[in-house]
Protein chains: 2
Amino acid sequence: MGTSKEVPTRISGSSVRRLSRYYRTLDRVQKQGMSHISSQELAERNGVTSAQVRKDLSTFGTFGKRGLGYPVDSLKDAIAGILGLDRQWPVILVGVGNIGQALLRYGQFRRQGFHIVAGFDVAPDKIGTSIDGVPIYRMERLPDLVAEKEVEIGILSVPAPDAQAVCERMGEAGILAILNCAPITLETPEGVTVRYEDMSIELETLSYALTRGGLQEG
Amino acid sequence: MGTSKEVPTRISGSSVRRLSRYYRTLDRVQKQGMSHISSQELAERNGVTSAQVRKDLSTFGTFGKRGLGYPVDSLKDAIAGILGLDRQWPVILVGVGNIGQALLRYGQFRRQGFHIVAGFDVAPDKIGTSIDGVPIYRMERLPDLVAEKEVEIGILSVPAPDAQAVCERMGEAGILAILNCAPITLETPEGVTVRYEDMSIELETLSYALTRGGLQEG
DNA sequence: AATTGTGAACCTCTTCACAGCT
DNA sequence: AGCTGTGAAGAGGTTCACAATT
């Protein structure tokens, strides 16, 4: 029965990530036919405390029933609404190299509502082809395709030395949110949100943990 | 001249990630022939404050010269030592699918000291082949190859439903650190460190930012 | 004059603990 | 009795601001 509260001013990235994980859990238990779930169980399945789960949810409304737990169906819908997963997001991908191609072929995104509608690259042998049904265009087409398909989200998977320049072109083309897979810190254009997907850094974090023994936080 | 302090008990993941980024910046400016760099400049290039940079470094020792900044060469070496980047890390990869193959072909890891020495899969048509020079084995070979090559780090890139079981087999085989690319929260075996590389969650974070407008933290 | 290293202040996120529903 | 929702307490991480040093 998600009583919606006033929009909370600003939520931390970690809190949003946890909501995504709860959503997955709810999707899974829903398929198993479970009708209610307690903060305790949601917590255990996600490696956090039950207080954390309740706090995260209470930021956005009152979803549970005391003594009973949370109704799976309506909580799932509520989180979908909060995260904006109750719609389709057209996405473009710039950089159809090794990693970019794998992402184009990764069907999971589409299933979750993120539909890659176009790829972009500079390599002449890639332009004009299509990968897993996604057409590959030359970089010059970026602005008009972003406008035409009303795309707000872009995946950046070019080599590190090109990433900053491409990031700027994406911003100019009207992209508002970038998932950066290049191993470099970007100077973000005004009004654009950037998230990092950086495997090298995570490997180095593991290297640190093995070298020094132990890390705070999951 | 990195005076090493007593080993700090426990460092946050974010702090380690920032050190990785500083390391990259140092690598870049070193190639440009810069001999010293200030906390201010290191900060700007990484989107943090100069106090943050100084605090991060001071956890591990005294590396700078007041009035001058940090000597690039020796600071880079010091961070390499802290993160354990002053050696080669043999790595195994389990799950030679779409994403796994891209990672096998991604040369960047090797350049950073993470050398994928073997891939594992259940598909008979993959077993016995090799991808970009990395031989692919059947899952049963996991324990003996981990032992033989003295591998501590593993990349997990199997489909979500198989991830928990594979994670446990990796733990039993002697793997101590896992980079999980499957979109699911793992119940970590005792003594094993896990990091998540979860593009779907980052996309959902972007979806949230676009829907609700704004996110805390970079 | 410039810039580090760091205690103290500040802020944010997490956990506690318990009142209040069901 | 069971479990949520939440104010208050507690931890942890970040920034301030300035003495110390080159």
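Being a predicted model, the structure only gives us computed values, none of them experimental. Just so you know, these numbers use all the heavy atoms, side chains as well, and skip hydrogens, waters and symmetry mates. Letters go in sequence order (proteins before strands), and every chain restarts at 1.
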(request) Over all heavy atoms of both residues, which pair between B:Ala173 and B:Leu142 is shortest? Give the atoms and the distance, please. (result) CB-CG, 3.9 Å
(message) Can a side-chain donor-acceptor contact be found between A:Arg54 and A:Ser50 if the only test is distance below 3.5 angstrom?
(response) yes
(request) Whole angstrom is fine here: how far is it from CG in A:Leu57 over to C1' in D:dC3? (result) 13 Å
(message) Going by side chain to side chain donor-acceptor pair (under 3.5 Å), name the pairs with one or both residues in residues 102-112 of chain A, residues two or more places apart or in two chains.
(response) A:Gln108-A:Arg111, A:Gln112-B:Ser200, A:Gln112-B:Glu204
(message) Suppose we screen for salt bridge (Lys or Arg N to Asp or Glu O under 4.0 Å). Which residues come up paired with B:Glu197, at least two apart in sequence or across chains?
(response) none
(request) With a 4.0 Å heavy-atom cut-off, tell me which residues in residues 34-48 of chain A come close to DNA chain C, sorted by residue number. (result) none
(message) Does anything in residues 149-170 of chain A form a side chain to side chain donor-acceptor pair (under 3.5 Å)? List the pairs, not counting sequence neighbours.
(response) A:Gln164-A:Glu168
(message) Please compare B:Gly67 and A:Leu68 by the position of their nearest nucleotide in DNA chain C and report the one closer to 5'.
(response) B:Gly67
(message) Using whole Å, what does the distance between atom C1' of nucleotide D:dT15 and atom CZ of B:Arg18 come to?
(response) 12 Å
(message) What's the closest nucleotide to the side chain of B:Ser12 if the choices are D:dG13, C:dT14, C:dT6?
(response) D:dG13
(request) Write down the distance between CG (A:Asp56) and P (C:dT12), rounded to a whole number of angstrom. (result) 17 Å
(request) Please state how far atom OH in A:Tyr70 lies from atom P in C:dT22, giving the value in whole angstrom units. (result) 14 Å
(request) Mind jotting down which residue pairs meet the side chain to side chain donor-acceptor pair (under 3.5 Å) criterion with at least one end in residues 176-187 of chain B? Sequence neighbours excluded, please. (result) none
(message) Just the rounded figure in Å: distance from C1' of D:dG12 to CD of B:Gln52.
(response) 12 Å
(request) Apply side-chain hydrogen bond (donor to acceptor under 3.5 Å, both in side chains) to A:Tyr22 and A:Asp56, showing your working. (result) CA-CA 10 Å; A:Tyr22 304 156; A:Asp56 284 337; 2.7 Å; yes
(request) Could you work out which one of C:dG5, D:dG5, D:dT14 sits closest to the side chain of A:Thr62? (result) D:dG5
(request) Decide yes or no for B:Leu203 and A:Trp89: does some side-chain heavy atom of the first lie under 4.5 Å from some side-chain heavy atom of the second? (result) no
(request) Keeping the roles fixed (side chain from A:Tyr196, backbone from A:Leu186), state whether a donor-acceptor pair exists under 3.5 Å. (result) yes
What N/O pairs connect the protein and nucleotides 16-19 of chain C at under 3.5 Å? Give each pair on its own line.
from: C:dA17; atom 1: N6; to: A:Arg54; atom 2: NH2; distance (Å): 3.2

